Trainee: 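Quick one: this structure, given as structure tokens, is what I'll be asking you about.
Letters A, B, ... mirror the listed sequences (proteins, then strands); counts begin at 1. None of these values were measured; they are calculated from a predicted model.
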2 protein chains.
Amino acid sequence: MIADDSNRGGRATRRSRDDVVDAALDLLDRVGLPDLSMRRLADHLGVQPSALYWHVENKQQLLAAVSARILGPVSADHADGATLDVAARDVAVRLHDSLLAYRDGAEVVSSSLALGLVEPPAHARLRAVALERGEPAALADTIGDAITHFVVGFTFHQQQRRSADAWGAASGGVAASPERIADGDDGDDDGFTAALDLIIAGATTVLAGGATQHPAPRR
Amino acid sequence: MIADDSNRGGRATRRSRDDVVDAALDLLDRVGLPDLSMRRLADHLGVQPSALYWHVENKQQLLAAVSARILGPVSADHADGATLDVAARDVAVRLHDSLLAYRDGAEVVSSSLALGLVEPPAHARLRAVALERGEPAALADTIGDAITHFVVGFTFHQQQRRSADAWGAASGGVAASPERIADGDDGDDDGFTAALDLIIAGATTVLAGGATQHPAPRR
DNA sequence: ACCTGAACACCGTTCAAGT
DNA sequence: ACCTGAACACCGTTCAAGT
């Protein structure tokens with residue numbers, strides 16, 4: 001009886017594609033990737049499962065859109081002027097933080113990246129820096145690849161371990177020693193920093209003209 | 001009527017856990033990970049789906065066993081004497097090859113690794129080398145982490161792209177330029193080598209005492 | 001333009017019961 | 001010790017039809 005064509009109070013409004021992606025991100029953070037089904041998402045939106053397919057082509061594409069949202073902060077506000085290796089460290093840290101900001105963020109991004117459904121998050125920024133500095137774009141891509149794959153893989157592992165021993169550890173597997181989990185400062189941030197330092201050291205060395213030459217397509 | 005307790009000719013014998021893992025590897029290579037279901041695997045073995053659960057605790061553990069098999073060649077025959085950075089490159093190349101040896105190998109290993117259900121494939125070897133050379137074990141682990149996550153992530157991407165444009169490319173996504181796919185020598189092996197060189201250069205630099213110090217737990 | 005209802009072709013896992 | 005049969009509680013996706 002009442003005019004419900006504007007979204008006052010509650011439900012009953014029509015949804016946009018962005019609303020669906022918002023809801024997916026929200027549900028991801030609440031229940032985790034294994035429980036993020038199209039049917040639960042539909043429930044969460046107060047809609048039939050089939051309705052989702054008007055907004056989104058399939059689940060993979062939805063997860064790609066979710067990935068793009070997770071990766072948003074990585075390429076925000078430039079104001080660079082840095083060298084390639086310094087920019088690389090910065091982008092790596094931002095990527096790490098962005099992945100950790102959502103439950104199972106690294107896993108979602110890992111598969112979208114592998115499927116080629118999102119842009120590699122480091123490349124645009126590093127290419128821009130390379131251009132400024134007269135460094136070859138191929139070198140920026142190489143550094144971007146090393147950074148991206150390492151950070152995503154490491155964070156994936158890290159995030160699984162966190163939710164594993166948050167839920168109680170229990171049985172099976174190689175097992176992680178049950179130590180300080182308490183304060184968000186779990187010991188493996190050291191491992192992350194150390195390995196990242198190693199890769200950055202590689203970038204610095206190569207920039208200084210040492211050891212390795214950039215791609216140089218044979219033939 | 002005939003004694004069927006020895007495996008003559010065909011089916012009808014009882015299966016061991018190893019047989020199940022064998023069959024899973026075989027089926028993985030035939031149909032790929034998305035189509036490797038417990039039910040199809042049961043079919044492949046001539047058995048009811050429920051029978052699998054006598055041999056294996058669940059699907060994740062089965063895939064962990066599959067991962068361990070895929071990773072077998074990585075830690076085979078030592079005969080080292082090499083420096084840490086040289087051993088690291090060797091182990092990276094072996095890992096890459098092993099992952100490529102099975103369809104969706106990198107994806108399977110990626111998740112088993114993240115879940116902590118398989119040993120990181122580079123660590124044992126690199127620790128042994130570090131011990132021989134009087135290098136700290138923590139440095140071996142750092143190099144192992146950088147190598148493993150990079151190689152697995154890169155190969156995952158590479159393998160998805162291969163099967164994507166093997167099947168016809170079609171629609172959607174960021175897209176890979178349709179060029180030489182022909183001879184197994186797809187252009188991105190260059191990208192792999194370049195980024196691996198970068199990481200190894202980092203290891204060499206750190207070994208020479210440059211730029212970065214190994215972990216050193218703060219406090 | 002956006003959504004419902006109903007169906008299709010599947011999943012992983014459990015568990016009593018058989019041999 | 002190893003497996004069957006049957007069930008439970010789900011999946012992603014399609015498609016005609018409604019408004």
Trainee: Can you tell me which nucleotide in D:dT13, D:dA7, C:dT4 comes closest to the side chain of A:Lys59?
Mentor: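 My answer, after comparing the listed nucleotides, is D:dT13.
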Trainee: Mind calculating the distance between CE (A:Met38) and P (C:dA9) to the nearest angstrom?
Mentor: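 One finds 20 Å between P of C:dA9 and CE of A:Met38, rounded.
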Trainee: Provide the distance between the two C1' atoms, one in C:dC10 and one in D:dA9, to the nearest whole Å.
Mentor: 14 Å
Trainee: Using the C1' atom as the reference point in each nucleotide, state the distance between C:dA16 and D:dC3 in Å, no decimals.
Mentor: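 Looking at atom C1' only, C:dA16 and D:dC3 are 13 Å apart.
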Trainee: Can you name the closest pair of heavy atoms from B:Val108 and B:Ser67 and give their distance?
Mentor: CG1-OG, 3.3 Å
Trainee: Considering only C:dC3, D:dC11, C:dT13, which nucleotide approaches the side chain of A:Ser37 most closely?
Mentor: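 My answer, after comparing the listed nucleotides, is D:dC11.
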Trainee: Among D:dT4, C:dG12, D:dT13, which nucleotide sits nearest the side chain of A:Asn58?
Mentor: D:dT13
Trainee: For A:Asp35 and D:dG12, what is the distance between atoms CG and P respectively, to the nearest whole Å?
Mentor: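 About 11 Å, once rounded to whole Å.
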Trainee: Partner lookup for C:dG18, please. Criteria are Watson-Crick or G-U wobble with both distances under 3.5 angstrom; report none if nothing qualifies.
Mentor: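 Because both required distances fall under 3.5 Å, C:dG18 counts as paired with D:dC2.
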Trainee: Using a heavy-atom cut-off of under 4.0 Å over every strand shown, decide if B:Arg17 touches base, sugar-phosphate, or nothing.
Mentor: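 Touches nothing.
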Trainee: Nearest whole angstrom, please: distance from the C1' of C:dC11 to the CZ of A:Arg40.
Mentor: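 Atom-to-atom, A:Arg40 to C:dC11, this comes out as 17 Å.
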Trainee: Quickly work out the A:Leu33 CG to D:dG12 P distance and round it to whole Å.
Mentor: 11 Å
Trainee: If you check every side-chain atom of A:Val47, which of C:dT4, C:dC11, C:dG12 has the closest atom?
Mentor: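 Closest of the options to the side chain of A:Val47: C:dT4.
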Trainee: For the pair B:Gln60 (side chain) and B:Leu117 (backbone), establish whether a donor and an acceptor sit closer than 3.5 Å, ignoring hydrogens and angles.
Mentor: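 No, the answer is negative, given that no donor and acceptor are paired below the 3.5 Å cut-off.
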Trainee: Tell me if a side-chain donor or acceptor on A:Arg94 pairs with a main-chain N or O of A:Ser75 at a distance below 3.5 Å.
Mentor: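 Not confirmed, A:Arg94 side chain does not pair with A:Ser75 backbone.
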Trainee: Is there a side-chain contact between A:Arg39 and the phosphate of D:dC10, meaning an N or O under 4.0 Å from OP1 or OP2?
Mentor: no
Trainee: Using a heavy-atom cut-off of under 4.0 Å over every strand shown, decide if B:Ser50 touches base, sugar-phosphate, or nothing.
Mentor: base
Trainee: What's the closest nucleotide to the side chain of A:Trp54 if the choices are C:dT4, C:dC3, D:dC3?
Mentor: C:dC3
Trainee: In whole angstrom, what separates B:Asp43's CG from C:dC10's P?
Mentor: 11 Å
Trainee: Can you tell me if B:His55 touches the phosphate of D:dA1, counting only side-chain N or O atoms and a distance under 4.0 Å to OP1 or OP2?
Mentor: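 B:His55 to D:dA1 OP1/OP2: no side-chain N or O under 4.0 Å.
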Trainee: Return the value, rounded to whole Å, for the distance between atom CG of B:Leu41 and atom C1' of C:dC10.
Mentor: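 Distance check: B:Leu41 CG to C:dC10 C1' gives 16 Å.
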Trainee: Under 4.0 Å between a Lys/Arg side-chain N and an Asp/Glu carboxylate O for A:Asp19 and A:Arg14?
Mentor: no
Trainee: Between A:Gln61 (CD) and D:dT13 (C1'), how many Å, whole number?
Mentor: 14 Å
Trainee: Do A:Arg39 and A:Asp43 sit within salt-bridge range, that is, some charged N less than 4.0 Å from a carboxylate O?
Mentor: no
Trainee: More than 12 heavy atoms of other residues, nucleotides or ligands under 6.0 Å from OH of B:Tyr102: is that the case?
Mentor: no
Trainee: Just name whichever nucleotide pairs with C:dA7, Watson-Crick or G-U, keeping both distances under 3.5 Å, else none.
Mentor: D:dT13
Trainee: Rounded to whole angstrom units, what separation is found between the CG atom of A:Asp18 and the P atom of C:dC2?
Mentor: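 These atoms are roughly 13 Å apart.
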Trainee: So, is A:Arg14 close to the C:dA1 phosphate, meaning a side-chain N or O under 4.0 Å from OP1 or OP2?
Mentor: no
